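Structure first, commentary second.
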Amino acid sequence: MNIINALLLVYLLLIGCTLNGSNGKKFEPTFRAEINGETFDITMVDEVFVSQIAGISYSNEISFLSIFGSIYNEEMYPYKETLSISVPWNNISQYHSLGSDTTYYNDNFYWVKRAMYSEWDGDARISNFVTRSSEQGSISVNIEELPSGNLVVYGQFSFTAIVEYRGAELSQRIGQDTLHITDGEYRMLLDDR
């Protein structure tokens with residue numbers, strides 16, 4: 001093994017270790033909500049069938065915090081449901097000086113890029129429900145710095161989404177033109193790469 005491969009291996013091991021919380025414990029993310037009274041909770045599904053991310057995305061010169069959770073249906077694989085919200089985000093470096101537990105954002109959606117619910121069959125979108133105005137949702141975003149230096153974003157959300165597109169024969173939301181996403185809660189490591 002040459003020196004570059006050895007250094008790469010050490011780097012990957014260190015990255016894996018820093019994704020854990022304090023004291024070497026694995027960080028357990030949270031992403032849950034009620035969708036028209038039905039539970040959407042990544043912690044209630046086998047880890048193989050869920051994905052979640054809190055990350056920074058860019059559009060022109062504007063940055064957004066995007067919070068995303070997805071659950072595959074074991075019996076109908078590759079069918080999956082996703083919830084996602086994007087809010088404006090500024091330079092992350094300024095938040096390190098705000099303390100270990102900081103409220104960054106707590107308001108009705110203001111200048112929201114998008115909040116939506118989608119159904120997928122593999123990589124083909126079956127349906128898409130989106131917010132139409134700033135009065136249709138709210139979100140809080142709090143920041144916590146772990147002893148490892150990683151940032152955690154957490155908070156609550158709720159929104160109302162209206163059907164934008166639906167492939168009727170595959171959708172599990174037939175007859176539901178409006179979705180009320182309530183009691184939303186998330187806690188995730190911030191991927192700011």
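Owing to the predicted nature of the structure, the values given are computational and were not obtained by experimental measurement. Computed over heavy atoms, backbone and side chain alike; hydrogens, waters and symmetry mates excluded.
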Next item on the list: Starting at CE of M188, measure out to OH of Y154 and round the result to the nearest 0.5 Å.
Entry: 14.5 Å
Note to self: To the closest 0.5 Å, what do you measure between CZ (R166) and CD1 (I174)?
What the structure shows: 5.5 Å
Checklist line | All side chain to side chain donor-acceptor pair (under 3.5 Å) counterparts of Q172, not counting sequence neighbours | finding: none
Checklist line | Heavy-atom side-chain contact between T30 and Q52 under 4.5 Å | finding: no
Checklist line | CG-OG1 distance between L179 and T160, expressed to the nearest 0.5 angstrom | finding: 9.0 Å
Next item on the list: Please round to the nearest 0.5 Å and tell me the distance separating atom OG of S86 and atom CD1 of I139.
Entry: 9.0 Å
Notebook entry, point to check: Any side-chain heavy-atom pair from F31 and I71 closer than 4.5 angstrom?
Noted result: no
Next item on the list: Side-chain contact test, heavy atoms from C-beta onward, threshold under 4.5 Å: evaluate it for E144 versus N142 and give yes or no.
Entry: no
Note to self: Under the rule for side chain to side chain donor-acceptor pair (under 3.5 Å), what residues qualify as partners of T43, not counting sequence neighbours?
What the structure shows: D41
Margin query: Going by ring-ring contact (aromatic ring centres under 6.0 Å, His included), name the residues that satisfy it together with Y165, two or more places apart in sequence or in a different chain.
Written below: none
Notebook entry, point to check: Would you say N36's side chain and T178's backbone share a donor-acceptor pair under 3.5 angstrom?
Noted result: yes
Margin query: So L190 and L65, do their side chains get closer than 4.5 Å, heavy atoms only?
Written below: yes
Check: How about E34 and T39: do any of their side-chain heavy atoms sit closer than 4.5 Å?
Finding: yes
Margin query: Test of understanding: with side-chain contact (heavy atoms from CB on, under 4.5 Å), list the residues that count as partners of D46, not counting sequence neighbours.
Written below: V48, F49
Margin query: Y186: which residues meet the side chain to side chain donor-acceptor pair (under 3.5 Å) condition with it, sequence neighbours left out?
Written below: none
Notebook entry, point to check: Do S70 and V50 touch side chain to side chain, with heavy atoms closer than 4.5 Å?
Noted result: no
Check: Taking only residues two or more places apart in sequence or in another chain, which ones pass side chain to side chain donor-acceptor pair (under 3.5 Å) with E81?
Finding: Y117, R173
Notebook entry, point to check: Hey, are the side chains of V45 and E74 touching, using non-hydrogen atoms and a 4.5 Å cut-off?
Noted result: no
Next item on the list: Supply the atom-to-atom distance L146 CG to L151 CG, rounded to the nearest 0.5 angstrom.
Entry: 8.0 Å
Notebook entry, point to check: Does some side-chain heavy atom of T82 sit less than 4.5 Å from a side-chain heavy atom of W120?
Noted result: yes
